[in-house]
Number of protein chains: 4
Amino acid sequence: MLSAARHFAAHGLDGANINEISVGAGLARGTVYNYFDSKLDLFLAVIEDACLRVARRYKDREANAHSAVDLRSKLLQLLQADLEVLREEEDFARVFVREALSFKPETFAVIQKSLSPVLEPLIGILKSGQKSGEIRTDLSVEMLAQIFLGTASLFYVQHWGSEGAWPELESIPALVCEYYLQGVGLKA
Amino acid sequence: MLSAARHFAAHGLDGANINEISVGAGLARGTVYNYFDSKLDLFLAVIEDACLRVARRYKDREANAHSAVDLRSKLLQLLQADLEVLREEEDFARVFVREALSFKPETFAVIQKSLSPVLEPLIGILKSGQKSGEIRTDLSVEMLAQIFLGTASLFYVQHWGSEGAWPELESIPALVCEYYLQGVGLKA
Amino acid sequence: MLSAARHFAAHGLDGANINEISVGAGLARGTVYNYFDSKLDLFLAVIEDACLRVARRYKDREANAHSAVDLRSKLLQLLQADLEVLREEEDFARVFVREALSFKPETFAVIQKSLSPVLEPLIGILKSGQKSGEIRTDLSVEMLAQIFLGTASLFYVQHWGSEGAWPELESIPALVCEYYLQGVGLKA
Amino acid sequence: MLSAARHFAAHGLDGANINEISVGAGLARGTVYNYFDSKLDLFLAVIEDACLRVARRYKDREANAHSAVDLRSKLLQLLQADLEVLREEEDFARVFVREALSFKPETFAVIQKSLSPVLEPLIGILKSGQKSGEIRTDLSVEMLAQIFLGTASLFYVQHWGSEGAWPELESIPALVCEYYLQGVGLKA
DNA sequence: AATGAATGAGTCTTCATTCAT
DNA sequence: GATGAATGAAGACTCATTCAT
């Protein structure tokens, strides 16, 4: 039931109303409970699904990629896979980012676990980046990955918070890449 | 009622329980309503208060600051003022960051407004940074400011989400400054 | 559907769950309704069945009984027939006793009616007991029968309630007989 | 909230409806929850209260009793204390008996514990009865006490089940005493 | 100004029952 | 005859809010 995503996106986990979700999906109140044990259960399913979509999408891109050359391109590609999913299922994405950044004990663990399919390729990329001397090695790849995803989330939040004023969706991958790799400072 | 902060930090706006807040403040259930019209009202008051504290604290620092020299130092000082407040009233800070990142229509406006005392000096700093050619000029100072605050929030979230594992609070100002100014890439 | 018995025994009429009963019987949720109109209907069928089993079993014993001599022996035999059924279908018995003792208007009538096959021979025994001057005549045989069955139920309840600690099943017929005929007092 | 007793008596624990109980007590739906955490909680409170009433009442009687002579009289007095409470608060009694005889794991333990104020004096009586050689010693006083209370319950159930037809309330103490001490058999 | 009992709308959740396949 | 997805009424429980004291 993927109208749930839209609803969670708009209201968050606590604020969500199972009844409205059901009706929004063209179903009766109780029907949702034939598929999910509880509101939290449904929520987690939505989150997990969102993660899987991103990961799967990225794998597709990777397969088709002849290029897969330098660090910047790889990261960009990851972000574009992300963006692609996000465009198609923006509601999912909003829930996801929202809850990821609200660090509640109940959901934090699950979200971290759900993230793993996305983290895995990312960590691979970052490792090779460290080897090639392109990025700092004083932070572990895990930390660098967290920062990367966090930064991306940040720009999405900015986008949604400003109701699309800035930045526009398309510009986000490039913005994130640039910012991630060299901050806002000018190169000497 | 500043035990409210701790509670909002732990449970969010929706999850918060007015009764627990009252009791936690050594008052009876109904007493809160002599001071605040509603839960949302109390919540916004907490947010506003948190913002004012950061801004006031920064002003104090600025007054005492003889140095205030280069861009990096100024930003660092801002972050340290922020951190100082955060340490003393970590609960406030958590609510604030949490809600700032959840971009709900109801609270977004208020938070943006509350942020202005912090944004003002920051924008000043960034403007001078652009003039001196230290930072990119293809983004407006408002945007740059949002990115700066967002980045700081990000590391705080990381800190709280990992239950203090990484990064430690003290290291955050430096981390943010570095990342903000040059990303994770190595200088050529 | 005789796994229903086990379920009703464990959860009572209200607490029972038609779905679990179905699954426990290797059937799908809806199939039960091809045989029984409602939960109450199924329940009553289970009760009735339990009664019939006891009565039939007693008839078997009676047929085989050459002896059938004195009052005590007859009562003991009845109780042993009862116990025999109870052992084989303890679940049925538990439902039965439980509901018999909860005297709800909805079920009381049915249970009384279902009891008749058991009551009939019992009343015969008691009548002859009264004639032979072995038992009190100031109470009608119907009352004496109720007391007898109630006493037996009591010891079963004790057995189940104590999770088998005391009394043990085998000892119940003798205990009941003794208690029924002479109470806990010592003979003069 | 002692209209709860009437309701529990009529519908049992599972069948009870908190809403109706509230309204029946002249309160709003939620008010009950200011006093009891849950339906079960309220139920247990009702049970406990019923037990305390019986025990207190018996203590009163005991104090006033000059006689307190032979076994039969003592038991009779206990049953009459019981009956007195039962008359005044028949609803309580019905709940109590009903649930005591339904031996559900959830309630059995609590009921046993709630019974202790009643059991204590009873056990004292039975002990002295064993010493004076008036009752059998092959069963422990605890067992004898269970049988005694069970028997009393039995006649109450009979009374309620028959809607007062037989036995009448007043006759129960004597009936129970007689039956308990010498069964239905005639003395030799 | 403080209290806390009372409220009752709002929500999640359960589950007997139906019915198209 | 069997299925199991869908239903929706029903009920336990929560909690922000009010108000008489």
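Note on naming: letters A, B, ... go to the chains in the order of the sequence lines (proteins, then strands), and numbering restarts at 1 for each one.
Of the inter-residue distances, the one linking A:D49 atom CG with A:L44 atom CG reads 12.0 Å to the nearest 0.5 angstrom.
Nucleotide E:dA1 has no partner under the Watson-Crick or G-U criteria, as no pair reaches both atom distances under 3.5 Å. Taking a pair to require two hydrogen-bonding distances under 3.5 Å in either a Watson-Crick or a G-U wobble arrangement, E:dA9 pairs with F:dT14.
Within the structure, a side-chain polar atom (N or O) of C:Y33 is placed less than 4.0 Å from OP1 or OP2 of E:dT17. Residue C:Y35 places none of its side-chain N or O atoms closer than 4.0 Å to OP1 or OP2 of F:dG1. At least one side-chain nitrogen or oxygen of D:N17 sits closer than 4.0 Å to the OP1 or OP2 atom of F:dA12. Between A:T31 and F:dA5 there is no side-chain N or O to OP1 or OP2 distance below 4.0 Å.
Between C:F36 atom CZ and E:dC15 atom P the separation is 21 Å, expressed in whole Å. One can place CZ of D:F43 at 16 Å from C1' of F:dA12, the figure rounded to the nearest angstrom. If you measure from atom CG of B:D14 to atom C1' of E:dT11, you get 13 Å, rounded to the nearest angstrom. Rounded to a whole Å, the CD1 atom of B:I21 is 8 Å from the P atom of F:dA16. In this structure, CD1 of B:I18 is placed 13 Å from C1' of F:dT18, rounded to the nearest angstrom. Rounded to whole Å, atom P of F:dC15 lies 12 Å from atom CG of D:D37. Look at CD on D:E20: it is 8 Å from P on F:dG11, rounded to the nearest Å. Distance, B:N19 CG to E:dT3 P: 12 Å, rounded to whole Å.
Closest of all the heavy-atom pairs between B:H7 and B:N17 is NE2-N, 3.1 Å. The minimum heavy-atom distance between B:F36 and B:A45, with the atom names listed, is CE2-CB, 3.5 Å. The minimum heavy-atom distance between D:G24 and D:S3, with the atom names listed, is C-OG, 3.7 Å.
When each of A:G30 and C:R29 is assigned the nucleotide of DNA chain F bearing its nearest heavy atom, the one mapping closer to the 5' terminus is C:R29. Residue order along DNA chain F, read from the 5' end via each residue's closest nucleotide, puts C:N34 first among D:G15 and C:N34.
The one candidate from C:R6, C:R98, C:R53 that meets the salt bridge (Lys or Arg N to Asp or Glu O under 4.0 Å) condition with C:D91 is C:R6.
Across F:dA12, E:dT7, F:dA16, the shortest atom-to-atom separation from the side chain of D:K39 is found for F:dA12.
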